[in-house]
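Counting convention: from 1, in listed order, for ligands and their atoms alike. Every heavy atom of this structure was used, including side-chain atoms; hydrogens, water molecules and symmetry mates were not. These figures come from a predicted structure and were not determined experimentally.
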Amino acid sequence: MKEVDLLIVNASELLTLAGPDRPRSGAEMRDNGAVAGGALAADGGVVVEAGETAVLTRKYCGRKILDAEGRLVMPGFIDPHTHLVFAGSRENEMVMRQTGLTYLDILNRGGGIHATVAATRKTEFDELMALSRRRIRQMFDHGTTAVEIKTGYGLDEETEGRLLRVINALKQEGPLDVISTFLGAHTVPSATNRNAYVDWIIHKALERFKDQAEFCDVFCEEGAFTLEESRKILETAAAAGYKLKIHAGQFHDLGAAGMAASLDAVSAEHLDRISPAQLDLMRSHGTVAILLPGASFFLNSQSHADFKMISDHGVPVALATDFNPGSCPCFSMQMMIALAVRKLGMTAEEAVTASTFNAAWAVDRGKQLGSLEPGKQADLILLDVQNAAQIPYYFGTNLVRTVVKRGEVGD
Ligand code: NIG
Ligand code: FE
């Protein structure tokens with residue numbers, strides 16, 4: 001018998017998500033690697049083996065034993081697109097939208113992102129940390145064990161720098177793994193010359209922040225940045241050593257996803273509108289599609305991303321909350337799975353793959369996170385359901401009973 005730190009036994013099913021050394025696409029997304037009556041041995045914060053309880057209890061003795069008592073065990077959720085660090089809230093815009101204004105109308109009138117920028121610029125580091133910690137705790141309680149966080153509510157040197165300091169402090173603090181993204185190109189700040197702002201990003205900000213952010217993202221959209229501006233920003237970012245992401249096709253298809261894919265972007269995000277030619281570019285450059293059904297749901301949009309078309313083009317799909325104060329103030333990846341099944345036409349198994357395995361690849365963590373395979377981080381959750389299909393079925397409540405992070409069992 002081998003002694004290990006943690007032995008989890010008696011899962012109804014254990015979803016290993018074990019798979020290839022690349023994101024899954026097409027029919028592969030339906031394979032969750034389910035083991036009936038599953039068990040898992042972890043040591044030193046990483047997975048040693050996943051398999052059947054009857055087999056693992058003969059091989060391992062756990063210094064700690066966690067009896068899943070017939071619950072579903074699966075990798076922790078990875079949320080690969082959030083705007084988690086900001087001050088204030090914008091519930092007033094929900095009322096404005098009910099009177100007929102759109103998200104872009106509100107942005108163009110100086111509300112939306114601009115309102116959050118004004119509130120965030122006034123808020124000091126400690127207060128932003130306190131607000132963000134509470135949000136991280138909510139996500140953790142809902143089963144998220146890694147999160148990507150974008151800047152984009154500072155839009156000046158001082159405040160973007162403060163947001164990056166908050167993001168990097170959250171990374172140090174845990175418990176979640178944090179992936180940092182510079183989104184200075186979220187919108188042109190009010191009372192600022194457009195060309196001067198794009199110049200600042202290209203000639204100053206990207207160099208200034210390159211050691212503090214892993215990724216660079218741009219909101220390519222009418223009312224935000226044009227395709228050409230986005231291209232210049234991403235090209236400069238790539239040359240400075242950033243990995244690339246893009247907000248593409250949320251309200252209009254400006255061709256951003258194909259442009260970013262041809263620059264080898266790791267992910268293109270939203271894609272509520274996208275052309276087949278761009279999907280071909282995404283497939284050939286290995287760019288992951290991150291779909292955000294919470295944003296289209298919250299904004300009451302009639303059009304949702306076309307999962308079937310995206311998937312039929314062989315593009316791997318991930319899901320994220322888009323957590324932010326304007327288009328999706330929701331912490332729960334379980335809710336995104338429910339929306340993906342109802343609104344995007346995904347099966348529960350596809351949505352589970354998109355929230356774990358493919359989400360890890362969407363933040364370039366596919367070798368460490370997203371599946372329960374030997375050597376990968378022991379980040380996993382126990383849910384009060386028996387199989388993947390019951391996650392979207394029991395929608396709207398938190399089904400997570402226990403979160404295990406790097407082999408440590410949470411309270
Ligand atoms: O992904 N689209 C741009 N950014 C966010 C919304 C930000 C906001 O409204 O504050 C999004 O939906
Ligand atoms: Fe976003």
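The minimum distance between the Fe ion (ligand 2) and any N, O or S atom of Asp322 involves atom OD1. For His81, the N/O/S atom at the shortest distance from the Fe ion (ligand 2) is named NE2.
The aromatic rings of His83 and His186 lie parallel to each other, their planes meeting at an angle below 30°, with 60° marking the opposite boundary. Ring pair Phe182/Phe209 is tilted by interplanar angle, where 30° to 60° counts as tilted.
Checked for salt-bridge contact, Asp105 and Arg109 miss the test: no charged N lies under 4.0 Å from a carboxylate O. Using a 4.0 Å cut-off between charged nitrogen and carboxylate oxygen, Glu158 and Arg162 count as a salt-bridge pair. By the 4.0 Å N-to-carboxylate-O rule, Lys405 lies close enough to Asp177 to be salt-bridged with it.
In this structure, Val46 has no side chain to side chain contact (heavy atoms under 4.5 Å, CB included) partners at least two apart in sequence or on a different chain.
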Ligand 1 polar-atom proximity to protein (N/O, under 3.5 Å):
from, atom 1, to, atom 2, distance (Å)
ligand 1, 1 (O), His83, NE2, 3.3
ligand 1, 1 (O), His247, NE2, 3.1
ligand 1, 1 (O), His270, NE2, 2.9
ligand 1, 1 (O), Asp322, OD1, 2.9
ligand 1, 1 (O), Asp322, OD2, 2.9
ligand 1, 2 (N), Gln250, OE1, 2.6
ligand 1, 4 (N), His186, NE2, 2.9
ligand 1, 9 (O), Arg90, NH2, 2.8
ligand 1, 9 (O), Tyr103, OH, 2.5
ligand 1, 10 (O), Arg90, NH1, 2.9
ligand 1, 10 (O), Arg90, NH2, 3.4
ligand 1, 10 (O), Tyr153, OH, 2.6
ligand 1, 12 (O), Gln250, NE2, 3.2
ligand 1, 12 (O), Asp322, OD2, 2.9
ligand 1, 12 (O), Ser327, OG, 2.5

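At a cut-off of 2.8 Å, His270 does not coordinate the Fe ion (ligand 2) through any N, O or S atom. For Glu269, every N, O or S atom stays at 2.8 Å or more from the Fe ion (ligand 2).
Of the N and O atoms on the side chains of Ser296 and His304, at least one donor lies less than 3.5 Å from an acceptor on the other residue.
In terms of modelled atom types and a separation under 3.5 Å, the side chain of Glu148 and the main chain of Thr82 share a donor-acceptor contact.
Computed with the Fe ion (ligand 2) at the centre, the His83 NE2 to His247 NE2 angle is 100°, stated to 10 degrees.
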